Amino acid sequence: MSLPKRIAIDAMGGDGGVRVTLPAALRALELNSDLSVTLVGDKSQIEPYLDSISPMLADRTFIDHTLDVISDGDKPAQVLRSGKTSSMYKAVQLLQGGRVEAMVSAGNTGALLMIGRHLLKTISGIQKPAIVASIPGATRQCFLLDVGANPQVDAQQLFEFAVMGSVLAESLQGEIAKVGLLNIGSEQFKGTEEVRDASVLMDRCQAFEYVGFIEANELFEGRADVVVCDGFVGNVTIKTSAGVANVVKKLLSSQLSTDSTNSPESERKAKLFKSLSDQINPHRYNGASLLGLQGSIIKSHGNATVEGFGYAIQQAVREAKNAVPELIREKVAAIIAAN
């Protein structure tokens with residue numbers, strides 16, 4: 001029998017605050033019988049959501065009270081001085097102290113990165129943490145990193161992103177990861193010097209299967225399990241993907257609404273639309289991991305719905321069960337030893 005998993009949730013972070021985080025947390029408890037959650041935030045706002053829950057859920061729900069919240073307008077550099085009593089900081093402290101195996105926040109991304117690096121430190125052999133997000137594919141999801149933590153990186157850092165991404169993919173999929181490098185073409189002479197040099201490093205590595213350069217139009221075709229890029233390119237890519245998915249859903253919905261009949265063909269179209277809509281639903285892919293830290297931090301979109309925040313919690317549950325930071329540490333150490 002697996003050991004119980006403990007997760008801290010920044011209950012106050014994000015646009016919706018407790019209106020989003022609390023229902024999502026309670027749903028996660030229902031789905032995972034071995035999960036306990038510590039809700040970090042204002043007790044007076046949290047407790048009303050817990051008044052009517054079952055004793056079984058109440059026994060696995062804890063509150064770490066604080067009134068302070070880091071807002072989106074707070075500068076990351078200031079949070080280490082003024083944010084030590086905030087819900088985000090205290091949630092990461094629980095992770096640092098070993099009281100939980102993972103934490104989730106929909107709050108200020110820059111602040112979360114700053115606090116994570118300050119309290120948890122990076123894994124030995126990793127220069128910078130990276131944010132990794134999952135995107136839908138024709139056959140299965142793909143992990144893209146970095147998607148915002150590091151706008152400028154060198155070849156070695158891109159290689160480290162590949163190692164970390166491969167560990168995450170393998171821990172969830174159970175097989176050696178195929179890794180690609182996002183570029184403007186497939187030819188070896190294409191791309192920046194950093195990208196070309198990173199390709200050489202990845203091609204020499206035996207810790208994952210390097211499939212070469214990936215062009216943007218190939219991202220969703222299942223050619224690679226992990227695609228690596230700098231944070232500027234990755235952030236633009238992930239937000240563009242979400243926008244395209246929403247446009248496709250609206251176009252399909254408008255076409256479907258013009259057919260008001262109850263014919264078998266109309267019902268078939270409705271089922272097809274729902275299936276496709278579920279597959280490309282951006283909420284399903286909410287929950288970006290901050291890889292490279294000595295602890296599992298999951299960043300939710302700030303405007304996530306209850307459904308979306310629930311997916312971020314499930315990502316934290318999976319990382320806690322698989323001990324992803326420890327797997328990364330072991331793989332990085334093995335690569336360093338081999339070289």
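From a predicted model like this one, the values you see are computed outputs, not experimental measurements.
The closest donor-acceptor contact from the side chain of His65 to the backbone of Lys43 lies under 3.5 Å. Under the 3.5 Å distance criterion, the side-chain polar atoms of Asn235 are left unmatched by any main-chain donor or acceptor of Gly148. A donor-acceptor contact shorter than 3.5 Å links the side chain of Asp74 to the backbone of Ser71. Asn32 contributes a side-chain N or O that, together with a main-chain N or O of Ala28, makes up a donor-acceptor pair within less than 3.5 Å. The closest donor-acceptor contact from the side chain of Thr237 to the backbone of Val233 lies under 3.5 Å. The backbone N or O of Thr85 sits less than 3.5 Å from a side-chain atom of Thr66, completing a donor-acceptor pair. Side-chain N or O atoms of Asp146 include none that pairs as donor or acceptor with a backbone N or O of Gly234 at under 3.5 Å. When atom types are taken as modelled, the side chain of Arg60 and the backbone of Val37 share no donor-acceptor pair closer than 3.5 angstrom. Side-chain N or O atoms of Gln96 include none that pairs as donor or acceptor with a backbone N or O of Leu120 at under 3.5 Å. Of the possible polar contacts, one joining the Asn286 side chain to the Gly308 backbone as a donor-acceptor pair under 3.5 Å is found.
Counting heavy atoms from C-beta outward, Asp225 and Ile176 have side chains that stay 4.5 Å or more apart. Residues Ser86 and Val79 have side chains not in contact (no heavy-atom distance under 4.5 Å, counting atoms from C-beta outward). Proximity of Ile131 to Leu113: side-chain heavy atoms (C-beta onward) are separated by under 4.5 Å at one or more points. At a threshold of 4.5 Å between non-hydrogen side-chain atoms, the residues Phe161 and Leu291 do not count as touching. In this structure, the side chains of Val132 and Val147 stay at 4.5 Å or more apart for every pair of heavy atoms. You'll find the side chain of Leu50 reaches within 4.5 Å of the side chain of Ile63, heavy atoms only. Cys205 has its side chain out of reach of Tyr210: every pair of non-hydrogen atoms, C-beta onward, lies at least 4.5 Å apart. Leu293 has its side chain out of reach of Lys121: every pair of non-hydrogen atoms, C-beta onward, lies at least 4.5 Å apart.
Considering every non-hydrogen atom in both Cys142 and Ala224, the closest pair reads SG-O, 3.7 Å. Among all heavy-atom pairs drawn from Ile70 and Ala111, the shortest one is CG2-CB, 3.9 Å. Residues Ala162 and Val179 approach most closely at CB-CG1, 3.9 Å, considering heavy atoms. Between Arg196 and Phe213, the shortest heavy-atom distance links the atoms CA-CZ, 4.5 Å. Of all the heavy atoms in Gly125 and Val332, the pair that sits closest is CA-CG1, 3.9 Å. For the residue pair Ala207 and Ile335, the shortest heavy atom distance occurs at CB-CD1, 3.8 Å.
When only modelled atom types and interatomic distance are considered, Glu319 and Ser289 share a side-chain donor-acceptor pair under 3.5 Å. With hydrogens and angles left out, the side-chain atoms of Arg318 and Gln315 include a donor and acceptor closer than 3.5 Å. Between the side chains of Gln157 and Asp230, no donor N or O sits under 3.5 Å from an acceptor N or O. Asp10 and Ser105 share a side-chain donor-acceptor pair at under 3.5 Å.
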Show, in sequence, the C-alpha distance, side-chain angles and deciding distance for Phe309 and Ile9, and conclude whether the side chain to side chain contact (heavy atoms under 4.5 Å, CB included) test is met. CA-CA 10 Å; Phe309 196 80; Ile9 294 176; 3.9 Å; yes

Check against salt bridge (charged side-chain N to carboxylate O under 4.0 Å, His left out), Glu170 and Lys331: CA-CA 12 Å; Glu170 289 167 8; Lys331 193 163 193 173; 3.2 Å; yes

Could you walk me through whether Lys178 and Val226 pass the side chain to side chain contact (heavy atoms under 4.5 Å, CB included) test, one step at a time? CA-CA 6 Å; Lys178 295 180 179 179; Val226 178; over 6 Å; no

What verdict does the side chain to side chain contact (heavy atoms under 4.5 Å, CB included) test give for Asp34 and Lys321, after you've listed the backbone C-alpha separation in whole Å, the side-chain angles of each residue and the deciding distance to 0.1 Å? CA-CA 10 Å; Asp34 62 344; Lys321 288 182 177 179; 3.7 Å; yes

Side chain to side chain contact (heavy atoms under 4.5 Å, CB included) between Arg329 and Ser124, worked out: CA-CA 7 Å; Arg329 187 196 65 78; Ser124 178; 5.8 Å; no

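To the nearest 0.5 angstrom, Thr61 atom OG1 is 11.5 Å from Met56 atom CE. Atom CG of residue Leu22 and atom CD1 of residue Ile53 lie 9.0 Å apart, to the nearest 0.5 angstrom. How far CD1 of Ile298 is from CD1 of Ile7: 8.5 Å, rounded to the nearest 0.5 Å. One finds the CG atom of Leu29 at 11.0 Å from the CG atom of Asp59 (value rounded to the nearest 0.5 Å). The CG atom of Asp72 sits 8.0 Å away from atom OG1 of Thr109, with the distance rounded to the nearest 0.5 Å. Taking CG of Leu39 as the reference point, atom CD of Gln45 lies at 12.5 Å (rounded to 0.5 Å).
A 6.0 Å sphere centred on CD of Gln152 holds no more than 12 heavy atoms belonging to other residues, nucleotides or ligands.
By the salt bridge (Lys or Arg N to Asp or Glu O under 4.0 Å) test, Arg223 is found to be paired with Glu218, residues two or more places apart in sequence or in another chain being considered. Partners of Asp64 by salt bridge (Lys or Arg N to Asp or Glu O under 4.0 Å), not counting sequence neighbours, listed by chain and number: Lys90.
A salt bridge does not link Lys128 with Glu160: none of the charged nitrogens is closer than 4.0 Å to a carboxylate oxygen. Using a 4.0 Å cut-off between a side-chain N of Lys or Arg and a carboxylate O of Asp or Glu, Arg6 and Glu101 qualify as a salt bridge.
Under the 4.5 Å side-chain contact rule for hydrophobic residues, Phe62 and Tyr49 do not share a cluster. In the hydrophobic clustering of this structure, Phe208 groups with Leu327; members are Ile, Leu, Val, Met, Phe, Trp, Tyr whose side-chain heavy atoms approach within less than 4.5 Å, directly or through other members. Neither Ile214 nor Phe232 shares a network with the other; the hydrophobic side chains, linked directly or stepwise wherever heavy atoms of I, L, V, M, F, W or Y lie under 4.5 Å apart, form separate groups for each.
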Donor-acceptor pairs under 3.5 angstrom involving side-chain atoms of residues 182-189: please list them, not counting sequence neighbours.
| from | atom 1 | to | atom 2 | distance (Å) |
| --- | --- | --- | --- | --- |
| Asn183 | ND2 | Lys190 | O | 3.1 |
| Glu187 | OE1 | Lys190 | NZ | 3.2 |

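For the side chain to side chain contact (heavy atoms under 4.5 Å, CB included) criterion with Arg117, the lone passing option out of Thr122, Leu112, Leu80 is Thr122.
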